[in-house]
Protein chains: 2
Amino acid sequence: MIDCAACPLHKRPMFLPFTPEEIVFMRGFKVSEDTFQPGDTLLHQGERSDRLFTVLDGFATRSIQLEDGRRQVVNFVFPGDFLGLQAGIMGEMRHSVQATTPMRVCVFQRSRLWDLFRDKPDRAYDLTWIAAVEEHFLGETIATLGQRDATERVAWALARIWQRLSALGLGTTEGVQLPFRQHELADALGLSAVHTSRTVSTLREMGLVAWKRGKLNMLDPQRLFTLAGLPMEREEQRPLI
Amino acid sequence: MIDCAACPLHKRPMFLPFTPEEIVFMRGFKVSEDTFQPGDTLLHQGERSDRLFTVLDGFATRSIQLEDGRRQVVNFVFPGDFLGLQAGIMGEMRHSVQATTPMRVCVFQRSRLWDLFRDKPDRAYDLTWIAAVEEHFLGETIATLGQRDATERVAWALARIWQRLSALGLGTTEGVQLPFRQHELADALGLSAVHTSRTVSTLREMGLVAWKRGKLNMLDPQRLFTLAGLPMEREEQRPLI
DNA sequence: TTACAAACTTAACGCATGTTAATGCGGTCC
DNA sequence: GGACCGCATTAACATGCGTTAAGTTTGTAA
């Protein structure tokens, strides 16, 4: 089990470093590690979970299953993301989390979440910070699904994913390895898989992106971000739990 | 200024009561009250705000403005809702809050938010609870916008609003007073105002609801909730900040 | 009582996107 | 090498929703 002082996530510049005090606390808070394979469900919609996770490595989707089987991907999960707050705070997950690649996660105990609030207000503040940022992204997603057409939506999703992967240091001059399939992108954007394919082709023809066999390349980031309605800023550093 | 011990919101059974200790703390935390008129903007997208609010009375929308003027209503604001967490935690609002009726709000100081985490872990926990519930509703909204057709969307929105107003004790046998216009509903659901009108008519013809001159009546709640993909449960009690 | 504005309704038409189905293409297993 | 499988692409057609524009209704103020 990796010691929190040697946490590989902290090598990524997008995360705020731990103070020595935080390291001590997190060592006590962390229970174990676990791994998952593509397709595994880490957290089940409708169920409680005694375990909370921080993603060390790998990718996943958060998704909501409707009564009749339709599926909405609420957002994508990246290394550093904290999973299970809903189960931790509200008792029951309202969405599922499913691995799309092999994953490695840190495991925490739900029952000790209250300790964190009682003993470590700064960590509690960070947790709320994370929740607030999450809320902001969900709001942006709602605006995208509600107001933008297919081209803008796909541009938005690719831009956001690329931005996040780059911040994680997973980009090369050869482009980034996209850990999601077109079908998942479609489920995230409220589009059919067929129309998503058409739309990606359009972006290709417009000379904005190249996306082939899981490799995404930005040919014209400026124009892509404009189309997506996003500023080309670097993401703010975020705390880790 | 209303004393927190006499807070009118706590008369509503949907809110958890304050402990005597909490009353003492909230009296110190609350700075003042303020009122707003329909159309007033309480919090501005892109701006910081030194003030956080709890809605005592009245209704509002949270909405995101796109570069080109399109508007997405992210959700509706009801009495008891806490406003400004984003500005409080992240620094800058990513959406605006606009009154749709006259409003009365409690005012808190952003600079004292940290005190709350340091001195009152139970209140901090409640705040995070609120953020987690908010996150859950936003996820449900994303699923609705992404997967459901116009009829289901309108049914969902009316069901959720009716549910909330009922929980607040604002329903009578004559139905509830809807504080939002069809145009705002359209902006919340990613539909045009015209199609929203058509769709409401459909629901009327199906004998599910009556909505005329701001009065909403549920003619067949069971079927409406089924169409909306919602269980007909009472909402959980929630804490107030 | 009339006039006017705001909100809602209805109708006609076009287009973006969904659906179904066939095709292609790279990876993998034997 | 051949057969298969998952995934992406392309084409043909259907449809739900947007758009524009013309009513209608209600509230309000002169």
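The structure presented is a predicted model; accordingly, all values stated were derived computationally and were not measured. To find a chain, count down the sequence lines: A is the first, B the second, and so on, and within it residues start at 1.
When every heavy atom of A/Asp34 is checked against every heavy atom of A/Arg51, the shortest pair comes out as OD2-NH2, 2.9 Å. The heavy-atom pair separating A/Ala99 from A/Phe36 by the smallest distance is CB-CB, 4.4 Å. Here the shortest heavy-atom pairing between B/Asp57 and B/Pro79 reads CA-CG, 4.3 Å.
OP1 and OP2 of D/dC7 both lie 4.0 Å or more from every side-chain N or O belonging to A/Ser197. When the side-chain nitrogen and oxygen atoms of B/Arg213 are compared with OP1 and OP2 of D/dG27, one or more of them lie within a distance under 4.0 Å.
B/Asp149 places its CG atom 5 Å from the P atom of D/dC17, with the value rounded to the nearest Å. In this entry the distance linking CZ of B/Arg198 with C1' of D/dA22 reads 14 Å, nearest Å.
Close approach of DNA chain C to chain B, defined as any atom under 4.0 Å from a non-hydrogen atom of the protein, starts and stops at C/dA7 to C/dA12.
Contacts of A/Gly214 with the nucleic acid, taken as non-hydrogen atoms under 4.0 Å apart, are absent. Within the nucleic acid shown, B/Val194 comes within 4.0 Å of at least one base atom, counting heavy atoms only. Backbone-only contact: B/Arg204 has heavy atoms under 4.0 Å from sugar-phosphate atoms and none from a base.
A side-chain donor from one of A/Glu140 and A/Trp156 sits under 3.5 Å from a side-chain acceptor of the other.
Looking only at side-chain heavy atoms (C-beta outward), B/Phe59 and B/Leu165 come within less than 4.5 Å of each other.
Across A/Arg71, A/Arg70, A/Arg62, A/Arg181, a single residue satisfies salt bridge (charged side-chain N to carboxylate O under 4.0 Å, His left out) together with A/Asp187, and that is A/Arg71.
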